[in-house]
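Quick notes on the structure that follows.
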Amino acid sequence: MTLPHAWFITCRSRDLSDRPLGVVLQGAPVVLFRGADGRPAALEDRCPHRNAPLSAGRMRGGELECGYHGWRFDARGACVAVPGLAHQPARPARAPAFACVEQDGYVWTYATADADPRGAPFRFPHLGDAGYTAVRREFTVRASLRAALENVLDVPHTAFLHGGLFRTRAARADVEVVVRRRVDRCEAEFIGEPRPQGLAARLLAPRGGVVTHVDRFLLPSIAQVEYRIGDASHLVATTAVTPQGDGLLRLFSVVTFRLPVPGWLVAPVASPLASRILAQDARMLALQAENVARFGGERFANTELDVLGPQIARLLEAAERGGELAAADRLEHEHRVRMRL
């Protein structure tokens, strides 16, 4: 699956130093570097002269120099110098360029080369807000984009794959779930959900209570889980998924939370807990991908418990077509199901 006209995280801000950085975005080799103004730039990782990887070159005064023959390129992909040539060509060669934005400590790259972006990158909520603490984690997983996004937002598996960490197997109550789909997103709102019994949930709300819980998917590849208990406890776990190619995905997770106790007390526990949950998910997604390959393709059996998986699939398929939704999918959709949690 390749999603055009979409923003994806390609590296952390701190990963860009004084050397070019080669990455892969949806199967396309891309080289990242900082231009003469210090802002990030992204070009196709191929010198138009003899196809050497530009990521094997070096930086010269804010310009990217190919390591093979020394051709230099600016942030827009234009060749600005050919060593040994007495004069600059009238129509210099260029490397396709991708729009880049540095935001929230990450470098976002637009998936379509030489195109004006349609909108701005996603912003992680509550970063820098008073009273909120942030925990960041990154993982590389082997999975399909749909499978990884659904996994982040799938509630039933948490009692089994993560048993005791967030939920337990013991069913507590029937919960009503309102499922909504719009042209660029879908969400599931859980109504009347009691606080889960796992360790992470007890950190969020040690005194218990009823949870305001919403799971969201936003095109092209953002999965977000939000929990709120009263006015004191609020947690938003957001994962931006970047397809690299060959079945590999890079997950950039940011958890922002506000609790009745200082965040610096909770962060040393929350950070390894988040890493453990992500590692369990990564292992299961890899096993799932391996089994899908063994059996020659996906065969999913859905029930009412799979509230967002089918909606995510429809939105991703439309995005792959360039955003062209079927007539039925262009209508806002809402339905309700019941789930035992």
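Along the sequence shown, residues are numbered consecutively beginning with 1.
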Using a cut-off of 6.0 Å, state whether more than 12 heavy atoms not belonging to Arg250 lie near its atom CZ.
yes
Please report the interatomic distance CE(Met284) to CG(Asn291), rounded to the nearest 0.5 Å.
10.5 Å
Give a yes or no on whether the backbone of Arg76 and the side-chain of Asp74 come within a donor-acceptor separation of less than 3.5 Å.
yes
Can you sort out the partners of Glu187 under salt bridge (Lys or Arg N to Asp or Glu O under 4.0 Å), two or more places apart, ordered by chain and number?
Arg180, Arg216
Once rounded to the nearest 0.5 Å, what's the spacing between atom CD of Glu304 and atom CZ of Arg336?
13.5 Å
Criterion side chain to side chain contact (heavy atoms under 4.5 Å, CB included) against Thr109, the qualifying member of Leu25, Val101, Ile9, Thr242:
Leu25
CG/Leu235 to NE2/His213 distance, rounded to the nearest 0.5 angstrom?
10.0 Å
Determine yes or no for a side-chain-to-main-chain donor-acceptor pair under 3.5 angstrom, with Thr10 supplying the side chain and Val107 the backbone.
yes
Which pairs pass side chain to side chain donor-acceptor pair (under 3.5 Å) with one or both residues in residues 17-35, sequence neighbours excluded?
Arg34-Glu102
Residue that, paired with Thr212, satisfies side chain to side chain contact (heavy atoms under 4.5 Å, CB included) out of Arg228, Glu226, Glu193
Arg228
For atom CG of Asp37, decide whether the heavy atoms of other residues, nucleotides or ligands shown that lie under 6.0 angstrom number more than 12.
yes
Please report the closest heavy-atom contact between Thr256 and Tyr132, naming both atoms and the distance.
C-CD2, 4.2 Å
Do Leu153 and Leu219 land in one hydrophobic cluster if side-chain heavy atoms of ILVMFWY residues count as linked below 4.5 Å?
yes
Minimum heavy-atom distance Ala188-Val307, with the two atoms named:
CB-CG2, 4.0 Å
Using side chain to side chain contact (heavy atoms under 4.5 Å, CB included) as the criterion, point out the one residue from Leu43, Leu32, Asp45, Val30 that pairs with Ser55.
Asp45
What is the distance from atom CG of Leu278 to atom CG of Asn151, rounded to the nearest 0.5 Å?
9.0 Å
Polar side-chain atom of Tyr110 near backbone of Arg118 as donor-acceptor pair, under 3.5 Å:
yes
Can a donor-acceptor pair be found, under 3.5 Å and without considering hydrogens, that links the side chain of Asp174 to the backbone of Arg340?
no
Any donor-acceptor pair under 3.5 Å linking the side chain of Thr112 with the backbone of Pro4?
no
To the nearest 0.5 Å, tell me how far Asp215 CG sits from Tyr227 OH.
6.0 Å
Across all chains, not counting sequence neighbours, the ring pair (Phe, Tyr, Trp, His ring centres under 6.0 Å) partners of His157 are His162
Is there a side-chain contact between Arg136 and Arg12 in this structure, where contact means two heavy atoms from C-beta onward sitting under 4.5 Å apart?
no
Asp116, CG: over 12 other non-hydrogen atoms inside 6.0 angstrom
no
Cluster check Val152, Leu3: I/L/V/M/F/W/Y, side chain < 4.5 angstrom
yes
Apply side chain to side chain contact (heavy atoms under 4.5 Å, CB included) to Glu63 and Glu65, showing your working.
CA-CA 6 Å; Glu63 296 168 352; Glu65 181 181 270; over 6 Å; no
Assess whether atom OH of Tyr68 is packed by more than 12 heavy atoms of other residues, nucleotides or ligands within 6.0 Å.
no
In a check of ring-ring contact (aromatic ring centres under 6.0 Å, His included) between Tyr106 and each of Phe122, Phe8, Phe252, Trp7, which one passes?
Phe252
